[in-house]
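Accompanying notes for the structure given below.
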Amino acid sequence: MHIIHWLVTAFFSGTAVSLLSYQAVEIVQAIIDWLVDRHS
């Protein structure tokens with residue numbers, strides 16, 4: 001049963017990490033778009 005608990009924990013932390021990196025990418029793209037708009 002301990003293995004199942006570990007798998008669930010790993011799954012949830014993995015999901016959180018992927019969501020966070022997805023948001024980080026979105027934020028970086030927004031910043032780049034803003035910089036490009038400002039320079040043009």
The reported gap from CG in Leu20 to OG1 in Thr15 (rounded to nearest 0.5 angstrom) is 11.0 Å

dist Leu7:CG -> His2:NE2 (nearest 0.5 Å) comes out at 10.5 Å

With the 4.5 Å side-chain cut-off for hydrophobic clustering, are [X] and [Y] part of the same group?
X     : Y     : result
Val36 : Val28 : yes
Tyr22 : Val17 : no
Leu19 : Ile27 : no

Does atom CD (Gln23) have a neighbourhood of more than 12 heavy atoms from anything else shown, all under 6.0 Å?
no

Count the heavy atoms belonging to other residues, nucleotides or ligands that lie under 6.0 Å from CD1 of Ile3, then report whether that count exceeds 12.
no

For Ala10 and Ser13, which heavy atoms make the closest approach, and how far apart are they?
O-OG, 3.1 Å

